[in-house]
Amino acid sequence: MDDSLFEGFRTERVRTSGADLRCVVGGSGPPVLLLHGYPQSRHAWHRVAPGLVAKGFTVVAPDLRGYGESIALDPNEAEAYSKRTLARDQVELMQALGFTRFALVGHDRGARVGYRLALDHPERVSAYASLTVIPTVEIWERVNRAFAFNAYHWFFLSQPFDLPERLLAGDPDGFLAWTLRKMADGRDIYDPRALAAYHVAFRDPAVRHAMCEDYRSAMTFDAEAESADRDGGRRLACPVLVLLPETSSAASPHPLDIWRSWADDVRGASVASSHMMPEDVPDFVVGQLVPFLDGAR
């Protein structure tokens, strides 16, 4: 997969205890881990990462386990794609790169890995930024007709093996093109090189299976872990920044109020954007992240 979008970055492959991870690394200064969402790869950050490097940060942008060019060493392990397992991957990745404490920015599925990491490894995370999400257990408790219609993939991909895998195999390019266009509100926001990377990955049956397993975990392991956290009073110890499309910020209860039940220090901002904020409004994202991350240096 082409990393020419990340000019001046180096590409690394790091073996963790449970995965083989591909990432790009660039810059110098305090480390920031960027975690992409579905159905993407590290390339989702190509418009944000350079801006953070220019402001004096070291940026690490990996493919999540099973996405892009990262693979699980044992994809049949019971919790191979739970957010707890994916979070452990990232702790080990950053440790291998020499970073024991870092800021964390996640979009979509990456944001879910991010808050799991911050809950399980609070000593590692200096600050956490969530783009477009609230905790999974909070979503399950608020599912309505509008959510089910707009986020149909949550329910399709989480169906038992191997129904979604078989159906996706029929036209992977068509399904991915439809999905990416819908997530961009029908607008042409993607760099052709990023689009090519997403399609190359999605043509791999192992990647599509991993995505299904990711969503199956959201129904089971992830929701159960978050319910236990909430029941036990576990909270995020680090500062939290929540960035949202304006349509999401109009929800009731407000997403910031939901996050304040999970953390003491929560701030946020919204902007006219599609779900794909890192590629749709990168200047806004960088502009919000830099002062937030500077405060956690």
Side-chain angles (χ1 to χ4, degrees), residues 35-39 64-67 78-91 104-122 124-125 127-160 164 183 210-245 247-268 275 277:
L35 300 180
H36 69 85
Y38 161 87
L64 294 172
R65 174 190 293 217
Y67 285 75
E79 294 191 38
Y81 296 98
S82 73
K83 304 306 171 294
R84 174 159 280 147
T85 301
L86 271 63
R88 187 178 67 237
D89 285 343
Q90 301 307 320
V91 169
L104 199 164
V105 181
H107 172 242
D108 189 80
R109 313 309 289 176
R112 302 186 189 287
V113 177
Y115 65 74
R116 182 78 267 156
L117 196 162
L119 285 167
D120 287 356
H121 309 274
R124 300 282 187 172
V125 182
Y128 166 67
S130 168
L131 277 60
T132 75
V133 308
I134 60 173
T136 300
V137 69
E138 304 284 356
I139 286 180
W140 289 137
E141 294 174 354
R142 293 169 172 81
V143 168
N144 56 23
R145 181 171 59 183
F147 177 83
F149 182 78
N150 288 315
Y152 60 88
H153 60 285
W154 280 62
F155 307 96
F156 169 56
L157 297 175
S158 60
Q159 292 300 305
M183 287 183 161
M211 291 179 181
C212 293
E213 288 296 298
D214 178 359
Y215 280 88
R216 289 174 183 133
S217 289
M219 285 276 193
T220 55
F221 302 119
D222 301 338
E224 291 161 9
E226 290 178 28
S227 293
D229 291 332
R230 192 172 57 182
D231 292 346
R234 293 184 74 196
R235 295 168 66 81
L236 294 163
C238 63
V240 174
L241 174 67
V242 181
L243 301 182
L244 299 162
T247 51
S248 297
S249 66
S252 180
H254 194 282
L256 289 183
D257 292 330
I258 293 172
W259 275 111
R260 288 183 178 119
S261 69
W262 287 84
D264 293 330
D265 183 354
V266 178
R267 74 270 326 246
H275 177 74
M277 295 181 76

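What you see is a predicted model, and the numbers here were worked out from it, not measured in a lab. Note that the numbering runs from 1 along the sequence shown for the chain.
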key: Considering all heavy atoms, the nearest L241-G268 contact   = CD1-CA, 4.1 Å

Considering all heavy atoms, the nearest L104-G114 contact = CD2-CA, 3.5 Å

remark   = Closest non-hydrogen atoms of Y67 and P39, given as atom of the first, atom of the second and distance, are CE2-CA, 4.4 Å

ask   = Q90 and L64: which non-hydrogen atoms are nearest, and at how many Å?
value = NE2-CD2, 4.0 Å

ask   = Which atom names give the shortest non-hydrogen contact between A118 and V125, and what distance separates them?
value = CA-CG2, 3.9 Å

query = Can you find a pair of side-chain heavy atoms, one from P239 and one from R267, that are under 4.5 Å apart?
reply = yes

message = Apply salt bridge (charged side-chain N to carboxylate O under 4.0 Å, His left out) to residues D222 and R112 and explain how you reach the verdict.
response = CA-CA 9 Å; D222 301 338; R112 302 186 189 287; over 6 Å; no

ask   = Hey, are T85 and R65 close enough side-chain-wise for a donor-acceptor pair under 3.5 Å?
value = no

ask   = After noting the C-alpha distance and the side-chain angles of M219 and W140, does the key distance pass the side-chain contact (heavy atoms from CB on, under 4.5 Å) rule?
value = CA-CA 9 Å; M219 285 276 193; W140 289 137; 3.6 Å; yes

query = With sequence neighbours left out, what residues match R230 under salt bridge (charged side-chain N to carboxylate O under 4.0 Å, His left out)?
reply = E138, E141

task = Under the salt bridge (charged side-chain N to carboxylate O under 4.0 Å, His left out) rule, collect the residues that match up with D108, sequence neighbours excluded.
result = none

message = Would you compute the distance between atom CH2 of W262 and atom CG of D229 and round it to the nearest 0.5 angstrom?
response = 5.5 Å

key: Heavy-atom side-chain contact between V242 and H254 under 4.5 Å   = no

task = Taking ring pair (Phe, Tyr, Trp, His ring centres under 6.0 Å) as the test, write out the residues that go with F147, two or more places apart.
result = W154

query = By salt bridge (charged side-chain N to carboxylate O under 4.0 Å, His left out), which residues pair with E226, not counting sequence neighbours?
reply = none

message = Using the salt bridge (charged side-chain N to carboxylate O under 4.0 Å, His left out) criterion, which residues pair with R84? Sequence neighbours excluded.
response = D120

request  = If a pair satisfies salt bridge (Lys or Arg N to Asp or Glu O under 4.0 Å) and one of its residues is in residues 251-260, list it, with sequence neighbours excluded.
outcome  = D257-R260

remark   = Correct closest heavy-atom pair for R235 and S261 would be NH1-O, 2.9 Å

